Amino acid sequence: MVGKLILTFFFAVLTALMIALNLQFFAFGIIFALFLGVVLSKRIEYGLYIMTAWIPLQYFLTKYYSLLPRHFVWVDEIVLSMMFLIIIPKKIIFREKINVCNVDVAVLLFLVVALISGIINAVNPLMGVLGVRDFLQYYILYLIVKNISLEKRALKVLSWIVIITLIVQLPVGLYQFYSWKPAYINNTTGGYVNGKGFSYYDAVVGTFVIGANNFGYLMALFILFSLGLFLGSRDKRWLFFAVYLFPVFCFARGMGAFFVFLISFVFYKVTLKNFLKFISISLISLVLFFAGSVYYGQYFNQKSDVHSIEEYIQQQLDVSPGSSGRLIGIKFTNDLLLENSPASLIGFGPGNYSSFTGRRFDAPHYVKAVNVLRNNRCLTENDIVPVIGEYGYSGYILFLLIAFWLFRRNEYISHNSQGLLSNLCFSAKGGFFIFLVGSVLTNIWSAAPIAFYVWLFAGCTQNMFLLQESRKDYIDAS
């Protein structure tokens with residue numbers, strides 16, 4: 001116990017130095033980390049509860065309404081770091097078995113590429129670590145969760161936290177949808193922006209405040225999961241829960257999320273009867289949504305600039321104000337890498353292009369690209385551009401391989417388990433597909449809530465599967 005407290009104290013000092021931009025938060029970091037060290041050393045699942053409850057609210061309370069100081073956005077990272085510090089070193093020191101699979105191998109290879117790229121490009125070590133963290137911070141959560149003993153009670157508590165969080169999104173989304181009043185035109189994006197700095201098209205972001213498109217992907221993920229639970233268990237409550245979330249998904253107006261959502265249905269082998277059942281029950285939600293959209297559009301005298309798939313694709317090819325130009329960003333990054341042949345394989349180094357870290361520290365290659373394109377949206381609005389730019393094509397292949405093995409591991413557990421666990425993994429097929437392909441269209445890996453839920457779910461199902469394998473008499477909670 002004394003050793004843990006000493007280790008916790010040194011970590012607290014380090015954490016406080018990293019996050020405290022004002023001295024008043026230096027003490028907060030130390031006290032909070034010390035408190036966590038004592039609590040988590042006894043009940044590690046409390047860390048999961050805190051993260052699951054806090055992540056949907058962190059930007060809502062610190063950025064949207066500014067009820068808490070902005071430094072509180074680091075709470076989940078402090079908790080995650082403390083959990084890692086308590087669990088993994090202990091297993092290494094006492095030579096306990098660490099459960100690994102193909103996902104871990106792919107992550108390790110990705111880290112090797114990141115290390116080589118960082119050394120060759122002489123990247124600042126802190127920038128390099130932060131650059132990798134942008135995409136893989138919640139892999140640590142996955143590693144922790146599958147290597148601890150989780151009781152059924154803990155899994156139920158986590159499930160209820162998520163369900164309550166999702167229930168809250170509809171009233172919050174409705175309020176945002178009907179009360180948002182834009183203040184002026186943003187000359188960079190061409191969209192309306194209110195006093196809080198959010199675009200007109202990002203009006204509905206729930207409590208997550210991650211941008212309307214990312215919020216749409218998040219809602220699509222949970223709707224597909226609910227539909228999967230309905231198809232697997234025939235429990236109509238899950239069908240109605242999916243319908244309940246559908247208006248929020250529509251309010252977000254994420255075009256890419258709509259397309260990926262429809263494609264994801266193929267993974268469930270949905271019969272025409274079940275598909276029509278979902279559509280018919282959702283009809284009332286759609287009518288309300290379009291009625292609200294008409295009122296909303298007339299009230300602000302503003303119409304959407306995307307009315308078809310062709311217009312959506314054209315928007316990805318355009319870098320003018322109001323367009324994202326994602327495909328232009330991919331082409332430009334490819335040309336930039338080919339100017340230096342080694343860079344095409346290993347990139348410009350972690351945190352040295354258009355990831356969040358690269359943007360925050362004005363990485364030279366990122367600044368050069370923005371100056372040429374006169375637009376940063378095409379470089380920042382998906383994950384494929386920063387990953388290719390910072391880790392090269394070898395890194396991007398491994399990046400996709402991580403997502404692929406997450407999908408395959410979920411399939412393996414689904415086919416080699418029974419009851420509730422098998423049904424859970426079956427239900428998550430569409431969500432893992434979104435995680436796999438979403439990096440081309442949005443920041444699905446670097447958007448904290450989406451990545452958090454995917455890695456947490458993967459860790460929990462892996463934990464349940466290992467327990468089921470080790471104890472054949474594992475009681476099915478269903």
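Since we're looking at a predicted model, the values are computed, not measured.
Ring planes of Phe457 and Phe432: tilted class, angle from 30 to 60°. Using the six-membered ring where Trp is involved, Trp238 and Phe241 have ring planes that are perpendicular, over 60° apart on the 30 and 60° scheme.
Contact annotation: the side chain of Trp455 never approaches that of Ile450 to less than 4.5 Å [non-hydrogen atoms, C-beta and beyond]. Between Phe135 and Ile402, the closest side-chain pair of non-hydrogen atoms is not below 4.5 Å. In this structure the side chain of Cys460 reaches within 4.5 angstrom of the side chain of Leu155, judged on heavy atoms. Between Ser355 and Glu390, the closest side-chain pair of non-hydrogen atoms falls below 4.5 Å. Using a 4.5 Å heavy-atom cutoff, the side chains of Tyr59 and Phe208 are not in contact. Between Ile86 and Met83, the closest side-chain pair of non-hydrogen atoms is not below 4.5 Å. Side-chain contact between Leu80 and Ile144 is present, with heavy atoms from C-beta onward closer than 4.5 Å.
Note that CD1 of Ile161 is 14.5 Å distant from NZ of Lys156, once rounded to the nearest 0.5 Å.
The side chain to side chain contact (heavy atoms under 4.5 Å, CB included) search around Thr207 returns Pro56, Leu57, Phe60, Val168, Gln169, Val172, not counting sequence neighbours. Arg43 pairs by the salt bridge (Lys or Arg N to Asp or Glu O under 4.0 Å) definition with Glu45, not counting sequence neighbours. With sequence neighbours excluded, no residue forms a ring pair (Phe, Tyr, Trp, His ring centres under 6.0 Å) with Tyr366. Among residues two or more places apart in sequence or in another chain, the side chain to side chain contact (heavy atoms under 4.5 Å, CB included) test is passed with Gln137 by Asp76, Glu77, Arg133. Residues forming a salt bridge (Lys or Arg N to Asp or Glu O under 4.0 Å) with Asp104 (at least two apart in sequence, or on another chain): Lys146.
With hydrogens and angles disregarded, a donor-acceptor distance shorter than 3.5 Å links the side chain of Thr461 to the backbone of Ala458. A donor-acceptor pair is defined here as one N or O able to donate and one able to accept, closer than 3.5 Å; such a pair exists between the side chain of Asn463 and the backbone of Val145. Formation of a donor-acceptor pair under 3.5 Å by the Thr357 side chain with backbone atoms of Gly351 is not found in this model. Under the 3.5 Å distance criterion, the side-chain polar atoms of Thr333 are left unmatched by any main-chain donor or acceptor of Gly389. With hydrogens and angles disregarded, no donor-acceptor distance shorter than 3.5 Å links the side chain of Ser417 to the backbone of Phe465. Between the Asn410 side chain and the Leu406 main chain, no donor and acceptor come within less than 3.5 Å of each other. Judged by distance alone, the side chain of Asn147 and the main-chain N or O of Asn99 form a donor-acceptor pair under 3.5 Å. Between the side chain of Gln58 and the backbone N or O of Phe72 there is no donor-acceptor pair closer than 3.5 Å. A donor-acceptor pair under 3.5 Å links the side-chain atoms of Asn416 to the main chain of Tyr412, judged by distance alone. A donor-acceptor contact shorter than 3.5 Å is absent between the side chain of Asn443 and the backbone of Asn214.
Of the candidates Ile167, Leu166, Thr165, Ile167 is the only one forming a side chain to side chain contact (heavy atoms under 4.5 Å, CB included) with Ile163. Between Tyr391 and the options Tyr353, Phe399, Phe110, a ring pair (Phe, Tyr, Trp, His ring centres under 6.0 Å) holds for only Phe110. Tested against Met51 for a side chain to side chain contact (heavy atoms under 4.5 Å, CB included), the candidates Val75, Val79, Leu456, Leu158 yield a single pass: Val79.
For Phe356, the CZ atom sits in a loose shell: 12 or fewer heavy atoms of surrounding residues, nucleotides or ligands are nearer than 6.0 Å.
Taking the six-membered ring for Trp and the full ring otherwise, Phe240 and Phe230 have centroids separated by 6.0 Å or more. The six-membered or imidazole ring of Phe222 lies near that of Tyr453, with a centre-to-centre distance under 6.0 Å. Centroid-to-centroid, the aromatic rings of Phe435 and Trp445 come within less than 6.0 Å.
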Contacts table for residues 245-252: side-chain donor-acceptor under 3.5 angstrom, sequence neighbours left out:
none

